[in-house]
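I have placed the structure first, in the form of structure tokens, so that the comments after it can refer back to it.
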Amino acid sequence: MPELPEVEVLVRHLRPCLEGCKIRHCEILRERTVRPERPETIRQRLCGLRVEEVRRRGKYIVVRLSGRGTGSASECLLHLGMTGRVWVEGMDRPLPAHAVMVWELDGRRLVFSDPRGFGWCGFDGSVLKRLGPEPLGRGFDAGVLARRLGRSRQAIKGRLLDQGVVAGLGNIYASESLWVARISPFRQARDLTSADCGRLVRAIRQVLRRAIRLGSSVPLDWAGTSADGLFYFGRKPGLESAVQERFAVYDRAGERCFRCGEEIRRAVQAGRSTYYCPGCQG
DNA sequence: CACCATGTTCCTTG
DNA sequence: CCAAGGAACATGGT
């Protein structure tokens, strides 16, 4: 469920559930999920700590924990990969088949479930240092984007997926942003004018804000048992109306462009699907 | 069975 | 040395 908007909505949801809670036990059901530390190290580092703050950076969930007595603060990172989910539930429920980690709180528990197993939990904060600016923060404008794109001959779509250029865009919202900015995903990054960069920055912000607003306004199934993709893939019966026209191009190959009526196309760039409108993204 | 999927890292190739 | 592309990770849905 993970691009910036989904993680942001999730973090807002988790904040009141977690902040102030003490972690009584930590159970790791899939060892690969925790890294680079060993499972036993993670368990020891988490046990007995209190959650001081839950925040987001890019697609990462950052959990700040207060130390045992001596004030040794630490930050635990969670990344959801492609299919990771995190929620807090009562202790009476059966654990899902793909639970990879569980934190026992007082009378409740946090469940990290991840069928595909690309998600991650650990204390190595170095990944955060490599991230580009927050697209919704002040440090992101046309000049910054242009500088980060540099002289790259790579297609702009691919550059937007690089978390060092801007933090939090993924395959869906990269396509969406380019459509809003009317920029072809195949343009070489170095060829974008400053006007293009300005439109792209505004488009990215608009697309992400709208997705966060939408995700905050729809009743979400955090555990995702009904397979609604939390808030992707609103084609599920009963949810389509709420999320209709959520995506202008993503997963809409063969359908008509809302702006010019052309048929949306799908292409493959660097092994990943790109959706675009050949009519208005010249 | 074939192909597709919201991500990141590592390796190879040019 | 760098840029770019592809494989790998692993599982489920269509």
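Source: prediction; values computed, not measured. To find a chain, count down the sequence lines: A is the first, B the second, and so on, and within it residues start at 1.
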Query raised in the report: Rounded to the nearest Å, what distance is computed from the CG atom of residue N171(A) to the P atom of nucleotide dA5(B)?
Result: 8 Å

Requested in this report: State plainly whether the residues E52(A) and R64(A) are in salt-bridge range, i.e. N to O under 4.0 Å.
Outcome: no

**Report entry** Sub-4.0 Å heavy-atom contacts from residues 162-170 of chain A onto DNA chain B, ordered by number
**Finding:** Q163(A), G170(A)

**Report entry** Carboxylate-amine/guanidinium proximity below 4.0 Å for R24(A) and D106(A)
**Finding:** yes

**Report entry** For R148(A), all residues meeting side-chain contact (heavy atoms from CB on, under 4.5 Å), sequence neighbours excluded
**Finding:** P133(A), V144(A), V165(A)

Query raised in the report: Tell me, which pairs form a ring-ring contact (aromatic ring centres under 6.0 Å, His included) where one or both residues lie in residues 126-146 of chain A, sequence neighbours left out?
Result: none

**Report entry** C1' spacing across the pair dG13(C) / dT8(B), given as an integer number of angstrom
**Finding:** 23 Å

Query raised in the report: Quick one: are V86(A) and L80(A) in side-chain contact, heavy atoms under 4.5 Å?
Result: yes

Query raised in the report: Between dA7(C) and dC3(B), how far is it from one P atom to the other, in whole Å?
Result: 14 Å

Query raised in the report: Do we see a donor-acceptor contact under 3.5 Å between the side chains of Q269(A) and T274(A)?
Result: yes

Query raised in the report: Quick one: stems for DNA chain B, with Watson-Crick or G-U pairs under 3.5 Å, at least three in a row?
Result: B:2-5 with C:11-14, B:7-14 with C:2-9

**Report entry** Residues R159(A) and Q154(A): side-chain donor-acceptor under 3.5 angstrom
**Finding:** yes

Query raised in the report: If you look only at pairs with a residue in residues 259-282 of chain A, which of them pass as a ring-ring contact (aromatic ring centres under 6.0 Å, His included), with sequence neighbours excluded?
Result: F186(A)-Y276(A), Y250(A)-Y275(A)

Requested in this report: Would you tell me if any nitrogen or oxygen in the side chain of H79(A) comes within less than 4.0 Å of OP1 or OP2 on dT8(B)?
Outcome: yes

Query raised in the report: Between E263(A) and R256(A), is there a side-chain N and carboxylate O pair less than 4.0 Å apart?
Result: no

Query - Value in whole Å for how far the C1' atom of dG6(C) lies from CG of L161(A) - result: 15 Å

Query raised in the report: Just how far, in rounded Å, is C1' of dC3(B) from CG of D251(A)?
Result: 14 Å

Query - Parallel, tilted or perpendicular: rings of F247(A) and Y173(A) (30°, 60°) - result: perpendicular

Report task. Would you kindly give the CG-to-C1' distance between L160(A) and dG7(B), to the nearest whole Å? Result -> 15 Å

Requested in this report: Measure from CZ on R35(A) to C1' on dT9(B) and round the result to the nearest Å.
Outcome: 9 Å

**Report entry** Set of side-chain contact (heavy atoms from CB on, under 4.5 Å) partners for F123(A), sequence neighbours left out
**Finding:** E37(A), I42(A), R45(A), L46(A), L65(A), S74(A), C76(A)

Between the protein and nucleotides 9-12 of chain C, list every N/O to N/O distance that falls short of 3.5 Å.
residue: dA10(C); atom: OP1; partner: R32(A); partner atom: NE; Å: 3.4
residue: dA10(C); atom: O4'; partner: R116(A); partner atom: O; Å: 3.3
residue: dA10(C); atom: O3'; partner: R30(A); partner atom: NH2; Å: 3.0
residue: dA10(C); atom: N1; partner: R116(A); partner atom: NE; Å: 3.0
residue: dA10(C); atom: N1; partner: R116(A); partner atom: NH2; Å: 2.8
residue: dA10(C); atom: N3; partner: R116(A); partner atom: NE; Å: 3.1
residue: dG12(C); atom: OP1; partner: H98(A); partner atom: NE2; Å: 2.7

Query raised in the report: For R199(A), what residues pass the salt bridge (charged side-chain N to carboxylate O under 4.0 Å, His left out) criterion, not counting sequence neighbours?
Result: D196(A)

Query raised in the report: Any ion pair linking E27(A) and R43(A) (charged N to carboxylate O, less than 4.0 Å)?
Result: no

Report task. Could you check which residues of residues 268-277 of chain A get a heavy atom under 4.0 Å from DNA chain B? Sort them by number, please. Result -> R272(A), S273(A), Y275(A)

**Report entry** For F112(A), ring pair (Phe, Tyr, Trp, His ring centres under 6.0 Å) partners two or more places apart
**Finding:** none

**Report entry** Cationic tip of R55(A) above Y60(A) ring, under 6.0 Å, 45° of axis
**Finding:** no

Query raised in the report: Is there a donor-acceptor contact under 3.5 Å linking the side chains of R266(A) and S273(A)?
Result: yes

Query raised in the report: Rounding to a whole Å, what distance do you find between Y173(A):OH and dA5(B):C1'?
Result: 15 Å

Query raised in the report: Should the heavy atoms of other residues, nucleotides or ligands under 6.0 Å from CD of E262(A) be counted, would the total exceed 12?
Result: yes

Query - Ring-face cation of R109(A) near W87(A) (centre distance under 6.0 Å, axis angle within 45°) - result: no

Report task. Send over the distance from I61(A) CD1 to dT8(B) P, rounded to a whole Å. Result -> 13 Å

Query raised in the report: Considering only the C1' atoms, how many Å lie between dT9(B) and dG12(C), rounded to the nearest integer?
Result: 23 Å

Close N/O contacts between protein and nucleotides 2-4 of chain C (under 3.5 Å):
residue: dA4(C); atom: OP1; partner: R153(A); partner atom: N; Å: 3.1
residue: dA4(C); atom: OP1; partner: Q154(A); partner atom: N; Å: 2.7
residue: dA4(C); atom: OP2; partner: S152(A); partner atom: OG; Å: 3.2

Report summary line: For L77(A) and G125(A), the nearest pair of non-hydrogen atoms, with its separation, is CD2-CA, 4.0 Å

Output one line per pair: protein atom, nucleotide atom from nucleotides 11-14 of chain B, and distance, for all N/O pairs under 3.5 Å.
none

